[in-house]
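Working notes, structure below.
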Amino acid sequence: MSEPSVDFETLFAAAARAQPRAYAPYSRFKVGAAILADDGVVYSGCNVENAAYPSGSCAEQGAISAMIAGGAGRIAAILVLGEGEALVTPCGACRQRIREFATPETPVAIAGPGGVRQMFSLAELLPASFGPDNLRR
Ligand code: THU
């Protein structure tokens, strides 16, 4: 399947719909994420916290689950939306989760309330990564 062309405004709009629905009563830090998948569909997610703190999940994780449940298998682009001065880049575990379904060149857009603030490739966020190919011997 050829890569769908990426419309970051559409990804931003999807993340902006998910972000206010985040369940973040502990951190009060709501995050939305949106994935353009290889099937051309946009899948979104938000963070869902838990009273047992480590059981919470990130927005990126939710978007990946939605993508897999929706029947797609590859991330063509992902956008993460959060607030605050510092860029809301994916946590280390989510960089690895994205890696599973992406390539080093996959764009990772970091957005704030006003739109995209900075673009990264996955390789910039997770250099020299370990992935599915490592297990193909
Ligand atoms: N969080 C995300 O959902 N994605 C990120 O990229 C950064 C952090 C969430 C996890 C937790 O619910 C809250 O933000 C504070 O860390």
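Residue numbers run from 1 in the order of the sequence given. For ligands, and for the atoms within them, numbers begin at 1 and follow the listed sequence. Since this is a predicted model, take the numbers as computed values, not measurements.
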Below 4.0 angstrom from a heavy atom of [X], which ligand 1 atoms are there? Numbered from 1 as shown, please.
{"X": "Glu49", "result": "11 (C), 12 (O), 13 (C)"}
{"X": "Ala59", "result": "2 (C), 3 (O)"}
{"X": "Thr89", "result": "6 (O)"}
{"X": "Phe29", "result": "13 (C), 14 (O)"}
{"X": "Pro90", "result": "6 (O)"}
{"X": "Ser27", "result": "13 (C), 15 (C)"}

(request) Establish whether atom 6 (O) of ligand 1 and some protein heavy atom are separated by less than 4.0 angstrom. (result) yes
Of the non-hydrogen atoms in [X] and [Y], which two are nearest, and what is the gap between them?
{"X": "Val116", "Y": "Phe8", "answer": "CG2-CB, 4.4 Å"}
{"X": "Ala34", "Y": "Val42", "answer": "CB-CG1, 4.1 Å"}
{"X": "Met67", "Y": "Arg74", "answer": "SD-O, 3.7 Å"}

(message) Looking only at protein heavy atoms, which one is nearest to atom 1 (N) of ligand 1, and what is the separation?
(response) Val31 CG2, 3.7 Å
(message) For atom 9 (C) of ligand 1, what is the closest protein heavy atom, and at what distance to 0.1 Å?
(response) Asn47 ND2, 3.5 Å
(request) Please confirm whether the backbone N or O of Pro20 pairs with a side-chain atom of Lys30, one donor and one acceptor, at under 3.5 Å? (result)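 Checked: pair present.
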(message) Taking transitive links into account, so neighbours of neighbours count too, which hydrophobic residues share a cluster with Phe130 at under 4.5 Å side-chain distance?
(response) Leu135
(message) We want to know whether Arg95 and Thr89 form a side-chain donor-acceptor pair, criterion being a heavy-atom distance below 3.5 angstrom.
(response) yes
(message) Once you restrict to heavy atoms under 4.0 Å, what part of Glu60 touches ligand 1? Side chain, backbone, both or neither.
(response) side chain
(request) List in chain and number order the residues that pass side-chain hydrogen bond (donor to acceptor under 3.5 Å, both in side chains) with Glu105, two or more places apart in sequence or in another chain; answer none if no residue qualifies. (result) Thr103
